[in-house]
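Before any comments, here is the structure.
Numbered from 1 within each chain, the chains take letters A, B, ... in sequence-line order. Note that the coordinates shown come from a computational prediction; the quantities given were computed from them, not determined experimentally.
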Amino acid sequence: MSSASPHSRALQTTLRALVEQLAVFLVLASAIFFALRLLPGDPATLILGDRAGEAERKVLRARLHFDEPLRVQYVHFLRNLSSLDFGESLRRPGMKVTRTLLTALGSTSLLACLSVFFAAIVGIISAVLSNGSWLGKNKRWVERSRLLVSAVPLLVLAPVVTYLVTCKMRLLPLPGDPDAGATGLLFAAGLLALPLSAQVGRVTHVALASQARLPFLLAVRARGGSEIRMWGMHALAPVLGPVVTVISTQLGALLGGALVLEKLFDRRGLGMLIVESYSSRDFPLLEAALIGAGALFIATQAMGRMAHLAIDPRVRGS
Amino acid sequence: MKTRRVIPLVMLLVLALVVANARGRNASELEPSRHLASPSAAFPLGCGEGGIDLLAALAVGVGKAILLAGAVSIVAMVLGTTLGAFAAQRRGWLERLVERASELTQAFPTIVLALVVVSSVKAPTRFHLAVVFSLTAWAGFARLALAETRVLREAAFIEASRALGRGDFALLLRHLLPQLMPVAGVQWGATAAGVVISEASLGFLGFIAPGEASLGELLGQGVVTMLRAPHILFVAAFGVLLTSSCLLLAGMAVAGESRSRAP
């Protein structure tokens, strides 16, 4: 394939990556399928409670196809998965699970995307500030605040900051306020972005510092380029790769944080869907929501890798 | 050894156990007249929902969190470090397999995995939680041990020991594992702190049996009653922060040594 043009090679890599992601997704979805059925405990009893009669349980088992052999169930599951049809909710008959799942996925992805965006901007700005000479001696405060933010877990930080901002200072509407709208979303995304921005800031700071002694930056300065031009444009471009990498390794943690923040802010996202379907024992909805969370994670990982390939031509060669 | 760094953790655990023993009953005792009461002489940290004693609830929660996190990360440390070091020593397919598996496991969000397992059992207990967290915690240790052993296996003293006739297993026990201790120690602290956060997150989301005192449940209460009784939120947040920081610090106890002994 040495004669292939770069375009067809890029296409090939993309296709291979796509097949790989699909395989991982299939493994994950199957793991969820088997975990929910094979772990000790009869799902029908789990849903109906101990006091339900045998007849009732039998009806439910038939409805959810639990009475069929596992092989048949699995084939059904794969067929439904390929057409993205997860059936209807148990608790609210007529409610299509797929539509509920897509709404929740949209809400969670919006929150995650916004906070990645915030974290990248804040992290890069803090790294540029702590490398440049604008702040003088005060530079170390940038570093200290990064350290402080990354030392405090989001689970502690988010509720306390929310209390201070919404209850004490009354700057923003209370969490769960239906009129909060965009302000609430931006606030939640900002909170979620804090730990990630500290990580991005630290990595970018080190990467920028290692660029500082390279001749091409000296050349920029010799040509009369300003400091902001030197750090913000010339030094930043080659370190974008590490920035993307650090973000994509932190995406799993970000997703976990998003689930917690959804509960805190009463946002109807994936986390709340899992919690609600669990506590109401809505089996089809729970299964779909867990698969959705896994799919979201796999998709974000793949996007991180693609972004790295798109940004940094040096990694495309191999 | 910087033993000083373990002192906060030990003190916190002892204090939590003593307080939990002395007033543990109050942690689940309901008394409507004390509902959301502010701190007073009899109840130094105030009362929570239904009048539970917050000091007792905090002590019980902290004690349970430390025990769970400590146990999980010790199991994960022993399994992960041994597996990683052994795989790197053997090289070949085993090394590649362990590397890929630990990478995948580490990238996967613990909380999603925990949700899968916890939601498939009827009444999740602390044993279930320990199993779930151990399923992911080993990966970090394995990756570190792999990376460190790759450097160590080329070292002259390993080669000398091999030439003297020591087998793979004896080499692992006598030379590799002791060298890995400092790195594994720091990872132990980080893993334990992570387990505390994960447990609290699950409790906060409402996945641990309600009524059982835990840091996460307390945090959930605090958020719900944020407007009327902010002291609950602060007690819970302080508990989580204190527990995770003490564990992190304790992990660094063996780290101080590494620089002076490195080959």
Side-chain angles (χ1 to χ4, degrees), chain A residues 24 28 31-32 35-43 45-46 49-50 151-160 162-164 166-168 174-175 248-249 251-257 259-260 262-264 270-272 274-279 281 286-287 289-291 293-294 296-298 301, chain B residues 103-124 128 131-132 136 193-194 196-207 210 215-216 218-228 230-234 236-245 248:
Chain A
V24 175
L28 188 79
I32 292 172
L36 288 178
R37 280 167 186 79
L38 292 183
L39 283 176
D42 173 22
T45 320
L46 207 70
D50 292 324
V152 180
L154 181 68
L155 188 65
V156 172
L157 195 70
V160 173
T162 308
Y163 167 73
L164 292 179
T166 61
C167 294
K168 224 48 229 174
L174 285 167
S248 61
T249 55
L251 279 175
L254 188 85
L255 221 56
L259 302 190
V260 169
E262 274 169 8
K263 168 96 174 170
L264 179 63
L270 202 53
M272 286 300 269
I274 295 177
V275 171
E276 272 169 18
S277 55
Y278 170 71
S279 53
R281 310 278 183 206
L286 177 64
E287 190 173 49
L290 289 174
I291 291 176
L296 185 61
F297 171 68
I298 292 172
Q301 290 287 312
Chain B
E103 265 172 20
L104 254 180
T105 316
Q106 211 177 21
F108 199 74
T110 312
I111 191 148
V112 174
L113 184 77
L115 289 178
V116 172
V117 176
V118 170
S119 52
S120 53
V121 290
K122 192 174 169 192
H128 289 119
V131 172
V132 174
T136 49
V196 171
I197 307 286
S198 300
E199 191 228 348
S201 305
L202 278 185
F204 177 66
L205 289 175
F207 272 87
L215 288 175
L218 217 54
L219 201 60
Q221 264 189 37
V223 167
V224 172
T225 58
M226 196 152 75
L227 270 178
R228 283 169 295 161
H231 65 274
I232 306 178
L233 179 66
F234 283 105
F238 175 72
V240 174
L241 186 62
L242 189 68
T243 314
S244 63
S245 336
L248 262 180

In terms of heavy-atom proximity below 4.5 Å to chain B, should [X] be classed as side chain, backbone, both, or neither?
X      : value
A/L28  : side chain
A/T166 : side chain
A/L155 : both

How far apart are the closest heavy atoms of [X] and [Y], and which atoms are they?
X      : Y      : result
B/L205 : A/V275 : O-CG1, 3.4 Å
A/L264 : B/V223 : CD1-CG1, 3.4 Å
A/P159 : B/M226 : O-SD, 4.4 Å

Practice prompt. Heavy atoms only, distances under 4.5 angstrom: which of B/P230, B/G216, B/G220, B/S244 has the most pairs with chain A? Name it, please.
Written response: B/P230
Discussion item. Using heavy-atom distances under 4.5 Å, tell me whether B/L233 contacts chain A through its side chain, its backbone, both, or neither.
Written reply: side chain
Worksheet item: Checking B/L248 against chain A: side chain, backbone, both or neither under 4.5 Å from a heavy atom?
Response: neither
Worksheet item: Quick one: ring pair (Phe, Tyr, Trp, His ring centres under 6.0 Å) partners of B/F234, sequence neighbours excluded?
Response: A/Y163
Fill in: Partner residues of B/Q221 under the side-chain hydrogen bond (donor to acceptor under 3.5 Å, both in side chains) criterion, sequence neighbours left out
none
